[in-house]
A.B. asks: 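I am attaching a structure below and will ask some questions about it afterwards.
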Amino acid sequence: MRLHDLVELPELNLQQIVTPEHFDPLIRWVVTTDMLDPSRYLKGGELVLTGLVWRTEAADSFTFVRSVARAGVAAVAASEGGLVPVDLIDACREHGLPLFRVPADVAFATVTESVVRRLSSARTSDLKAVLDRHQRLVATTGPGGMGPLLDLVGSELGMRCWVLTASGRVLAGPGDLADPVHLARQFLTARRLPHFVEEFDISLLPVDDDSTARVVDWFVAVDTDWQTWHSERLALAEQLTSIVAAERVRSDDRLSGSGILAQEFIRAVHEGANASEFSQQMHVVGLPLESHYIAIAAAVSENVLRLGEVRALVREITTDSTAAVGIVDGEVIAIVPATEDLTPSIERVVDVLAPGLTGTGLSIGVSSLVAARDIRSAVEESRHARGLAARRGDDRYVVGHDELATLVLLLAGVPDDIRHMFRARLLAPLTEYDSVHKSDLIATLSAFLDTNGSWTKCAELMHLHVNSVRYRIQRVEELTGRDLSRLEDRVEFYLALRLT
């Protein structure tokens with residue numbers, strides 16, 4: 001606020017005694033002091049309030065005014081029982097420093113509260129204008145990064161802010177946020193938002209609470225209690241979350257060039273692209289042939305989450321921006337560069353997200369680590385694992401490749417009569433047909449599953465024409481009443497063959 005605004009505050013009734021010509025400085029803050037030389041505590045632009053306790057003789061007024069004038073204060077407001085001594089007036093005139101008389105019935109605390117409230121409102125308005133410009137910039141030219149924006153809010157209003165995902169991953173903000181995972185759980189379990197976390201003195205604000213499931217939303221953490229904010233600060237917080245929401249929308253790569261290419265690649269893997277097409281598409285999506293990969297499959301059985309949100313969830317649990325993610329036949333498939341088994345790290349992230357997953361019917365399967373040439377096998381392995389997770393039906397949402405292998409061992413340990421019954425129920429019609437017709441339906445079925453349902457690769461492995469493979473698999477389905485396009489049937493055949 002400017003100096004002339006101070007005179008216009010009717011609740012203070014300040015009288016300006018010294019009015020330097022053409023001098024209307026900016027008031028940045030209010031300081032109350034009774035020190036003769038308070039200059040070391042001043043930064044410039046302050047309205048200095050003083051009760052003149054420092055004044056023992058007329059010469060003290062000159063000393064005091066000289067010290068505050070050199071510090072660059074905006075003005076002095078003084079009162080000694082409602083009076084202002086002449087020597088103080090003379091000293092202010094000599095130094096060109098504005099001087100106000102504070103009425104005897106107006107407390108310095110009242111002056112401070114009134115001015116600070118006006119300053120806060122002005123700063124909020126100024127910052128909202130900056131945020132408006134930033135929002136227009138985001139909408140037209142792309143994101144400029146949330147870090148500088150949060151720095152601006154922190155420096156101007158003293159509101160330290162962070163942006164986090166629902167798993168507790170910090171996207172922007174200072175580096176000293178205490179226990180982001182705990183804040184994420186508070187965000188996921190809060191009955192209503194905004195939510196104040198008392199033990200950390202932090203408020204949690206959703207970014208897109210109206211149209212996005214909380215488990216895949218972002219949130220803003222602010223280190224004050226939102227319930228104490230005045231209307232201007234609440235409006236500012238709403239503006240801030242809307243800008244972060246725009247940044248979140250831009251982070252969704254589904255409609256970007258890279259996202260579209262990844263979707264095409266996942267579909268090609270699913271449909272059994274030949275070696276040449278496969279290598280070419282890996283190059284296009286930026287996945288090196290010499291690297292190793294794991295595959296992730298995810299789906300939901302309820303309509304609580306949309307497939308696009310499941311895709312965002314898979315993005316969050318991988319945290320690898322180079323992963324290729326796509327949606328095929330109601331499943332989200334991700335192919336992730338890796339150097340080790342990712343199942344433990346995925347389980348840790350899902351454990352944090354668990355409060356937001358109740359009732360979704362989420363199931364996630366994770367493959368073993370494979371070379372690039374075996375990516376299709378990894379995808380099928382992840383789908384098998386996901387199918388087991390779905391049938392398990394408990395709150396353990398993730399099944400890794402090791403559990404898939406463990407199930408084979410488990411079935412191998414059951415009584416022989418049950419094992420024979422399991423094998424016979426599935427494979428007896430095929431073994432009998434092979435015996436009578438001297439055919440190779442069992443061998444073809446095994447090769448078909450080992451090549452993850454690829455007609456071309458199975459034909460190459462069996463040295464057959466593709467049409468011959470198709471005919472044999474059709475006979476398998478006719479004889480057993482199963483459908484090899486269904487994951488459940490493939491898993492059961494897979495297990496039965498390994499128990500023979």
Side-chain angles (χ1 to χ4, degrees), residues 142-143 165 167 169 171 216 247-300 305-343 345-346 349-350 364-386 398 400-401 451-458 460 487:
T165 67
S167 71
R169 186 163 56 94
L171 300 175
V216 291
E247 296 280 4
R248 180 184 172 278
V249 170
R250 289 187 177 277
S251 72
D252 186 347
D253 66 339
R254 279 180 293 176
L255 298 181
S256 68
S258 61
I260 293 171
L261 289 173
Q263 174 65 43
E264 292 176 353
F265 174 60
I266 295 297
R267 188 171 296 281
V269 172
H270 175 73
E271 294 175 352
N274 61 44
S276 175
E277 293 173 337
F278 181 78
S279 299
Q280 183 178 6
Q281 287 200 317
M282 283 198 70
H283 176 72
V284 169
V285 298
L287 298 177
L289 285 169
E290 61 273 15
S291 295
H292 285 74
Y293 298 89
I294 64 106
I296 301 171
V300 289
L305 293 178
R306 301 185 294 269
L307 271 177
E309 292 175 325
V310 178
R311 184 184 185 277
L313 186 65
V314 170
R315 274 284 183 204
E316 181 63 21
I317 66 176
T318 63
T319 68
D320 190 325
S321 60
T322 65
V325 184
I327 300 174
V328 180
D329 293 343
E331 273 185 316
V332 177
I333 304 295
I335 297 172
V336 188
T339 57
E340 60 182 3
D341 182 13
L342 297 183
T343 305
S345 62
I346 290 173
V349 176
V350 172
I364 300 173
V366 185
S367 79
S368 56
L369 189 68
V370 300
R373 66 179 179 274
D374 297 319
I375 281 179
R376 181 168 171 78
S377 297
V379 169
E380 285 302 313
E381 186 177 49
S382 70
R383 295 182 71 232
H384 292 329
R386 190 205 65 75
V398 182
H401 61 92
T451 56
N452 301 307
S454 169
W455 304 106
T456 303
K457 290 184 179 180
C458 182
E460 292 174 354
L487 177 62

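In this chain, numbering begins with 1 at the start of the sequence shown.
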A.B. asks: Run D252 and R311 through side-chain contact (heavy atoms from CB on, under 4.5 Å) and show every step you take.
C.D. replies: CA-CA 10 Å; D252 186 347; R311 184 184 185 277; 4.0 Å; yes
A.B. asks: Which pairs with one or both residues in residues 318-337 pass ring-ring contact (aromatic ring centres under 6.0 Å, His included), sequence neighbours excluded?
C.D. replies: none
A.B. asks: So which heavy atom on I266 is nearest to which on G326, and how close?
C.D. replies: CG1-N, 3.6 Å
A.B. asks: What's the separation between atom CZ in R254 and atom CD in Q263, rounded to the nearest 0.5 Å?
C.D. replies: 10.5 Å
A.B. asks: In chain order, what residues pass the side-chain hydrogen bond (donor to acceptor under 3.5 Å, both in side chains) check against T165, with sequence neighbours excluded?
C.D. replies: S167, E316
A.B. asks: Going by side-chain hydrogen bond (donor to acceptor under 3.5 Å, both in side chains), name the residues that satisfy it together with S291, two or more places apart in sequence or in a different chain.
C.D. replies: none
A.B. asks: Looking only at heavy atoms, what is the nearest atom pair of A295 and S382, with distance?
C.D. replies: O-CB, 3.4 Å
A.B. asks: Checking R306 now: which residues fulfil side-chain hydrogen bond (donor to acceptor under 3.5 Å, both in side chains) with it, not counting sequence neighbours?
C.D. replies: E309
A.B. asks: Look up atom OG1 in T451 and atom CG in D374, then write down how far apart they are to the nearest 0.5 Å.
C.D. replies: 11.5 Å
A.B. asks: Determine whether a donor-acceptor pair (N or O, by modelled atom type, separation under 3.5 Å) exists between the side chain of E381 and the backbone of S368.
C.D. replies: yes
A.B. asks: How many angstroms lie between atom CD1 of I296 and atom CG of L342, to the nearest 0.5 angstrom?
C.D. replies: 6.5 Å
A.B. asks: When rounded to the nearest 0.5 angstrom, what is the spacing between CG in L289 and CZ in R373?
C.D. replies: 11.0 Å
A.B. asks: Check side-chain hydrogen bond (donor to acceptor under 3.5 Å, both in side chains) between T322 and all other residues, then give those that pass, not counting sequence neighbours.
C.D. replies: D320
A.B. asks: Check V366, I364, I294 against T343 for a side-chain contact (heavy atoms from CB on, under 4.5 Å) and give me the one that passes.
C.D. replies: V366
A.B. asks: Can I get a per-line list of side-chain donor-acceptor pairs under 3.5 Å for residues 332-340, giving both atom names and the distance, sequence neighbours left out?
C.D. replies:
none

A.B. asks: Indicate yes or no for a side-chain donor-acceptor contact from R376 to the backbone of H270 under 3.5 Å, with no hydrogens or angles considered.
C.D. replies: yes
A.B. asks: For the backbone of A323 and the side chain of R315, can you confirm whether one donor and one acceptor N or O come within less than 3.5 Å of each other?
C.D. replies: yes
A.B. asks: Salt bridge or not between K457 and E460? Use side-chain N to carboxylate O under 4.0 Å.
C.D. replies: no
